[in-house]
There are 2 protein chains.
Amino acid sequence: MSTIHDVAKLAGVSTATVSRVINSPDKVRSITRGKVQQAMEMCRYKYNALARGFVTKKSNTIGLIVPNINNPVFAESTLGIQDYASQHNIQVILGNSYYQQDLEAGLINTFLEKQVDGLIITTANPKGGQIKSLLDDQFPFVQLYSTIKKGPVSAVGIDNYKGGYEATLHLVELGHRRIGMIAGRFNVSDRSFHRWHGYKKCLRDNDISYDSSLLLQTDYALSGGRECVKQFMGLKKRPSAIFCSNDYLALGAIKGAREIGLVLPQDLSIIGFDGIQIASYVTPSLTTIQQPAYEMGKIGADVLFQQMADGNKPVQKMLDFKLITRESTVQYKVPNK
Amino acid sequence: MSTIHDVAKLAGVSTATVSRVINSPDKVRSITRGKVQQAMEMCRYKYNALARGFVTKKSNTIGLIVPNINNPVFAESTLGIQDYASQHNIQVILGNSYYQQDLEAGLINTFLEKQVDGLIITTANPKGGQIKSLLDDQFPFVQLYSTIKKGPVSAVGIDNYKGGYEATLHLVELGHRRIGMIAGRFNVSDRSFHRWHGYKKCLRDNDISYDSSLLLQTDYALSGGRECVKQFMGLKKRPSAIFCSNDYLALGAIKGAREIGLVLPQDLSIIGFDGIQIASYVTPSLTTIQQPAYEMGKIGADVLFQQMADGNKPVQKMLDFKLITRESTVQYKVPNK
DNA sequence: CACCTCTTTGTAATCGTTTACATTTTTATA
DNA sequence: TATAAAAATGTAAACGATTACAAAGAGGTG
């Protein structure tokens, strides 16, 4: 494989000039430029971005860690990040933490060794040691989907507390009083945790006493929702509505409810969270809290790039979410039995 | 940031020894090793994988190009690839081609500049120029989801022709004679193209004359399926069943059919392709041809790693797919009207 | 044409590792 | 204990670009 030296020799110029032709062509006379370009063609020169990264100490790569790319909401924000990044000639290394802190820590480490210029993380634990040491090193990174409103960490997300509140309020306003919650595990998702707090607050505000048997924590997966809904329906005092802390859980819950013979949405109202596209395509279509995932990715990348450029003070951005009312939630009716 | 030199000086050894401690610790006496490790701690040494890549000419990175990570089937194979790769200490740079050849070509270029050790591509056009030049350069890469059974390109996929045939056969065996197909655009997906050929062949084998008005090509997206099904139902002679060349299209079609008042599956049978998880969670649950996406990713990565290791001859692997019969397809009944 | 300024090009060090080869130290054996 | 063999360590060049600084060339002016 030919290098900048071969090109230089062939064109009869110095390597500095070749480098200039590549990086700032207007700084070299057009005659010379022509010679160099011709030489590059002749020896089928391929630019080595790794070598450049080595000397400039910029890899033009950022690391992205998501819990699971499987979940469309993360796929969507990933698209936002990638589109933004590629516009700026930056590539994205992707890693899945599978909601596991040790895996996440490992990924962060590897990415740092790879000299990524920045990191975007939807973290299991925003207070984890790995994150702290990123901060200590002043390394550019931003948390995505977070709830953090201020502090040393740059973050882009929505107010999950409020989101949980509104989701619950929607059910309350439909007349439901016995409202279950199927939540992603709190110890790996502070999003879920905050949504739960919003849920509790809303119940309290509406004089509904909190019943801990109506909270189920589970893995963030279709199967999780499916199993939990069955557990709820085994209860003596069943809920008439369920708030699921993400759409995948909700889709699973719909399926599970059907499997035990419930008629939806009459027998059970279900509301999700995220607003993934597919949620509007199922039956009954899913009422949900929609967050702007793609946008969040773009903005997250933008914030990161600021950090990278001017090592600015940390920035937090709270985006708006939106309650999307669809078929899966209906007015409460006393069961006739 | 401290380097290997700082460590060496602090530990009173040469850089070579430090390097050995990092890469093959058993080659250095444990006393020395201890001194070095201590020194590394003391100056908070961080390994620079970029520098290593530069000298070894291995970036320990592979490039992955998918049409759209949004589609769960690609997310799934991506997981397979990543899991396999991270077990081998390799990272994955991800790019979306959005089914566009120029974007794909751009990504390939950038990834090559970044000195990726190999490439996994689900390509828009397996005969495109960019792919050809990869082959000419003997660059390790494998095509995923492809149909290629032999030739110079390593490929892992399923027999899409057969898949299309079986999907159609399933409908035929249910008594359907007027069977539409909603397909991803042939010019950007040879998978779709091959499935269509299987579809045609199956019709012919069963003495059903091919009607070109029953083929609709569209973008691979939920919305595509939704629109096309409406177009079909506007026909004088409507199909009683539809084969969608992927599940997203099918899910869209289900939605679209509902919107124009059809009762599913009685009024219209729909079969998809891919076997994404969510397809079993919708109503009616989707009959589909399931391909082993996660496995495909793993095997694809494995094949790639072979190529990288011993520059072996190209390998093609055809995996098995499976017809999963669910609620969305039923016996044909003469419409009562 | 001499002089100055501005543009273009060249020189050579540098980035942080790895590694072939040379040298030293340790261990095993007679 | 001498010596050969094996193990551990060191030396220094190399990888392919960038870039500060120096040098040369071009162009303009009086």
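The sequence lines fix the lettering, A, B, ..., with proteins before strands; numbering per chain opens at 1. Hydrogens, waters and symmetry mates play no part in the numbers below; they use all other heavy atoms, side chains included.
Within residues 48-56 of chain B, the residues having any heavy atom under 4.0 Å from DNA chain D are, by residue number, B:Phe54, B:Val55. At a non-hydrogen distance threshold of 4.0 Å, A:Tyr45 from residues 38-45 of chain A come into contact with DNA chain D.
Residue B:Met1 contributes atom CE, which lies 21 Å from atom P of C:dT14 at whole-angstrom precision. In this entry the distance linking OH of B:Tyr47 with C1' of C:dG16 reads 9 Å, nearest Å. Look at NZ on A:Lys9: it is 14 Å from C1' on D:dG16, rounded to the nearest Å. Here the P atom of nucleotide D:dC15 and the CG atom of A:Asp6 are 10 Å apart, to the nearest Å.
Side chains of B:Phe141 and B:Leu135 form a contact here, defined as non-hydrogen atoms less than 4.5 Å apart. At a threshold of 4.5 Å between non-hydrogen side-chain atoms, the residues A:Ile81 and A:Leu144 count as touching. B:Val188 is not listed as a side-chain neighbour of B:Gln100, based on a closest heavy-atom distance of 4.5 Å or more.
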For nucleotides 7-12 of chain C, 5' to 3', base contacts (B), sugar-phosphate-only contacts (S) and non-contacts (-) with protein non-hydrogen atoms under 4.0 Å give -SBBBB
Quiz: residues 57-75 of chain A side-chain donor-acceptor pairs under 3.5 angstrom, not counting sequence neighbours:
residue: A:Ser59; atom: OG; partner: A:Thr61; partner atom: N; Å: 3.3
residue: A:Ser59; atom: OG; partner: A:Gln115; partner atom: O; Å: 2.7
residue: A:Ser59; atom: OG; partner: A:Asp117; partner atom: OD1; Å: 3.4
residue: A:Thr61; atom: OG1; partner: A:Ser59; partner atom: O; Å: 3.0
residue: A:Thr61; atom: OG1; partner: B:Lys114; partner atom: NZ; Å: 3.2
residue: A:Asn68; atom: OD1; partner: A:Asn70; partner atom: N; Å: 2.9
residue: A:Asn70; atom: ND2; partner: B:Glu76; partner atom: OE1; Å: 3.2
residue: A:Asn71; atom: OD1; partner: A:Val73; partner atom: N; Å: 3.0

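Of the charged side-chain nitrogens involved, none lies within less than 4.0 Å of a carboxylate oxygen, so that B:Lys298 and B:Asp83 do not count as a salt-bridged pair.
Residue contacts for B:Lys58: at a heavy-atom cut-off of 4.0 Å it reaches no nucleic acid atom on any strand shown.
Applying the side chain to side chain contact (heavy atoms under 4.5 Å, CB included) criterion to A:Asp137, with sequence neighbours excluded, gives B:Arg44, B:Lys46. Remark: B:Thr3 engages B:His5, B:Asp6 in a side chain to side chain contact (heavy atoms under 4.5 Å, CB included) (not counting sequence neighbours).
Relative ring orientation between A:Tyr99 and A:Tyr220 is described as tilted, the plane-to-plane angle lying within the 30° to 60° band. Note on ring orientation: taking the six-membered ring where Trp is involved, the planes of A:Tyr84 and A:His88 are parallel (angle under 30°, cut-offs 30° and 60°).
Checking A:Tyr145 against A:Ser77 by side-chain atom types alone, a donor-acceptor pair falls below 3.5 Å.
Proximity of A:Lys57 to the phosphate of D:dT18: no side-chain N or O atom is located under 4.0 Å from OP1 or OP2.
Going from atom CG of A:Asp190 over to atom CD1 of A:Ile148 covers 6.5 Å, rounded to the nearest 0.5 Å.
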